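Values in this document were obtained by computation on a predicted structure and should not be read as measured data.
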Amino acid sequence: MSERFTPTPDDKFTFGLWTVGWQGVDPFGTATRPALDPVESVRRLAELGAHGVTFHDDDLIPFGSTDAEREAHVKRFRQALDDTGMKVPMATTNLFTHPVFKDGAFTANDRDVRRYALRKTIRNIDLAVELGATTYVAWGGREGAESGAAKDVRVALDRMKEAFDLLGEYVTEQGYDLRFAIEPKPNEPRGDILLPTIGHALAFIERLERPEMVGVNPETGHEQMAGLNFPHGIAQALWAGKLFHIDLNGQTGIKYDQDFRFGAGDLRQAFWLVDLLETAGYEGPRHFDFKPVRTDGIAGVWASAAGCMRNYLILKERAAAFRADPAVQDTPARLPARRTRRAHRRGRPRGLLADRGAYEDFDVTEAAERSMAFEMLDQLHWTTCWAYARNRGQCAAGSASTSRTTHRRAARRVPRQGRGAQPAVGPGPQAGHHPAAQLPVGGGRQPRHQRPVDPAEHHRVRIEEPPRRTVRAPAWPRPAGSRPRPARRPRAPGIRAPSPPAARHSRRCPPPAAARCPAYCSRQPRDPQRHSGPSGSTTTCPIWPRSRARRAAVRRRGRARHRRRSPR
């Protein structure tokens, strides 16, 4: 693993005990892995470079434990934290596993269940503060219904408000430095869950007695289960000052809660999420709430945990390279944002009405014709991200073949300069060309893999293609008793002799210093490049067809010519 992608406690990566400790139980199968001791989880995560761990009360202390057993579990856990230097920045309560919570906890129709849920939560709040937690997450997994007759939603919201007001009062009276974070989810395990999205939670928080103590804890998969854009939801939480905590994982669209490792699933949103968190000044932990796939053993658990941290660091580096690219900084898409901010600073009605440039002198036609270059920015994001990954020998979540293909496609957009053209100097974009593919090249045409690249511009596309292997034609055996092949008649001057069959079927023409052109120089090239031909003169030669069907057709034509020339 590259050192710059090796996590350290300063990166503030945290994991829940329920994540690495998941045994692979799902609605259709039992456990595929043995239970993990919380102390072992703390030690192994510390070795991987994590900053801390989080827990439900039942993750650390089995449900139904006596007070003596509870103290013993807490003592072992605290000793492991002291030995490793791990932190506990967040804790939460399991109000969904036991059958008593089948109709909910804070919103259950049974008053006794609601009071029991509050006492269970308060007991774990005391333990969380004792272990150093500053955030307490509330996920209402059972706070919902499957039918309209099951629960009056307005009454349920009143009950939930009452619960948070009571908990806030308790924390204030005890003098705890603790804030609450509501974790939204649209469904699962209930058919419909209350406060399903970030927007619902933010609206609910404003109705509480102590709204300053309550924020949100969004999770990647939960928002994407509802078909929403997760970075947009995080931006709204940041805008409202309510992003108290965040859960990172992977999700592939509107499905069940998949809880893949971070970086798996929607990698596009993962990139913009990391870019947002790193540029918006979010200082909280990067918490991974994922489940290692149940097909893997214990070794796969730690490999997936390391993969979560590694993928975040890779995307963090790609996002920094994207932001540092001059083409991104100079794009016209930045201009409207600056103008909007200036107008907002002036934004009093009197100043707006006195500004003739805002309406009377505003050129609507010219403004409508401005290009925002958003498509260019989006393509620049992809080429910057994956080309840079290949140059560094790393890839966040794509395969090596995907990275290579992206390189070649980006290379086709590199403008080629003919004789007499001025060389492109520096990394700036050229008019009419894709800025991500602009490379500092010299005059004349050069093969793509031989063009020099400024090492300082390592975040740009860099083409490093290995030499192509030659696919030789099969040797055709001569029939027994056949006559020797007669000597060919000398050709007239100026007519080139055909190349031998063994060299006729190269996958791609070699670079100038390698050898002569194998064949087909007389044909119209599809993507020509300059090199020395068989007679020493400068000519053109096409690149070997990329399509498998076209390559097979060329091979068949070569074999047919060989058979026609051979005597029977």
Count the heavy atoms of every other residue, nucleotide or ligand shown that sit under 6.0 Å from [atom1] of [X], and state whether that count exceeds 12.
X      : atom1 : answer
His232 : NE2   : no
Lys291 : NZ    : yes
Asp177 : CG    : no
Glu283 : CD    : no

Of the non-hydrogen atoms in [X] and [Y], which two are nearest, and what is the gap between them?
X      : Y      : result
His51  : Lys12  : CB-CA, 3.5 Å
Leu276 : Pro231 : CD2-O, 3.4 Å
Glu223 : Pro184 : OE2-CB, 4.3 Å
Asp289 : Glu219 : OD2-OE1, 3.0 Å
Arg114 : Asn109 : NH1-O, 3.6 Å
Lys151 : Ala145 : CB-CB, 4.3 Å

Is [X] salt-bridged to [Y], cutoff N-O under 4.0 Å?
X      : Y      : answer
Asp37  : Arg43  : no
Lys120 : Asp58  : yes
Arg123 : Asp57  : no
Glu47  : Arg44  : yes
Arg154 : Asp152 : yes
Arg286 : Glu278 : yes

Is there a donor-acceptor pair closer than 3.5 Å between any side-chain N or O of [X] and the backbone N or O of [Y]?
X      : Y      : value
Glu183 : Ala138 : no
Thr107 : Ala156 : no
Asp11  : Thr8   : yes
Asp165 : Arg210 : no
Gln251 : Tyr256 : yes
Gln269 : Phe230 : yes
Gln236 : Ile198 : no
Glu143 : Gly104 : no

TODO: In sequence, state the C-alpha distance, the side-chain angles, and the governing distance for Ile182 and Val214, and then conclude on side-chain contact (heavy atoms from CB on, under 4.5 Å).
DONE: CA-CA 7 Å; Ile182 298 174; Val214 185; 3.9 Å; yes
Task: Derivation and outcome, ring-ring contact (aromatic ring centres under 6.0 Å, His included), residues Phe96 and His56 - done: CA-CA 11 Å; Phe96 47 86; His56 298 90; 5.6 Å; yes
TODO: Could you check Thr295 against Thr32 for side-chain contact (heavy atoms from CB on, under 4.5 Å), going step by step and ending with a plain yes or no?
DONE: CA-CA 7 Å; Thr295 53; Thr32 61; over 6 Å; no
Between [Y] and [X], is there a side-chain heavy-atom distance shorter than 4.5 Å?
X      : Y      : value
Met213 : Thr172 : yes
His287 : Ile246 : no
Thr220 : Asp247 : no
Phe77  : Leu81  : yes
Pro189 : Arg142 : yes
Leu202 : Glu206 : no
Val301 : Asp296 : no
Leu118 : Phe106 : yes

- [ ] Could you walk me through whether Tyr170 and Asp126 pass the side-chain hydrogen bond (donor to acceptor under 3.5 Å, both in side chains) test, one step at a time?
- [x] CA-CA 10 Å; Tyr170 175 77; Asp126 295 336; 2.8 Å; yes
Could you state the interatomic distance from [atom1] ([X]) to [atom2] ([Y]), rounded to the nearest 0.5 Å?
X      : Y      : atom1 : atom2 : answer
Lys161 : Leu208 : NZ    : CG    : 6.5 Å
Tyr176 : Ile125 : OH    : CD1   : 8.5 Å
Trp18  : Phe290 : CH2   : CZ    : 11.5 Å
Glu162 : Leu167 : CD    : CG    : 10.5 Å
Thr19  : Arg261 : OG1   : CZ    : 14.5 Å
Thr54  : His245 : OG1   : NE2   : 6.5 Å

Parallel, tilted or perpendicular, as decided by the 30° and 60° cut-offs, for the rings of [Y] and [X]:
X      : Y      : result
Phe180 : Tyr136 : perpendicular
Trp272 : Phe322 : perpendicular
Phe15  : Phe288 : tilted
Phe164 : Phe204 : perpendicular

- [ ] Any chance you could lay out the side-chain contact (heavy atoms from CB on, under 4.5 Å) test for Leu277 and Val274, step after step, and finish with the verdict?
- [x] CA-CA 5 Å; Leu277 293 176; Val274 173; 5.8 Å; no
TODO: Check step by step if side-chain hydrogen bond (donor to acceptor under 3.5 Å, both in side chains) holds for Asp259 and Asn249.
DONE: CA-CA 6 Å; Asp259 281 339; Asn249 55 28; 2.9 Å; yes
Open item on the list: Is there a side-chain contact (heavy atoms from CB on, under 4.5 Å) between Thr135 and Asn217? Walk through the geometry before answering.
Closed with: CA-CA 10 Å; Thr135 304; Asn217 173 51; over 6 Å; no
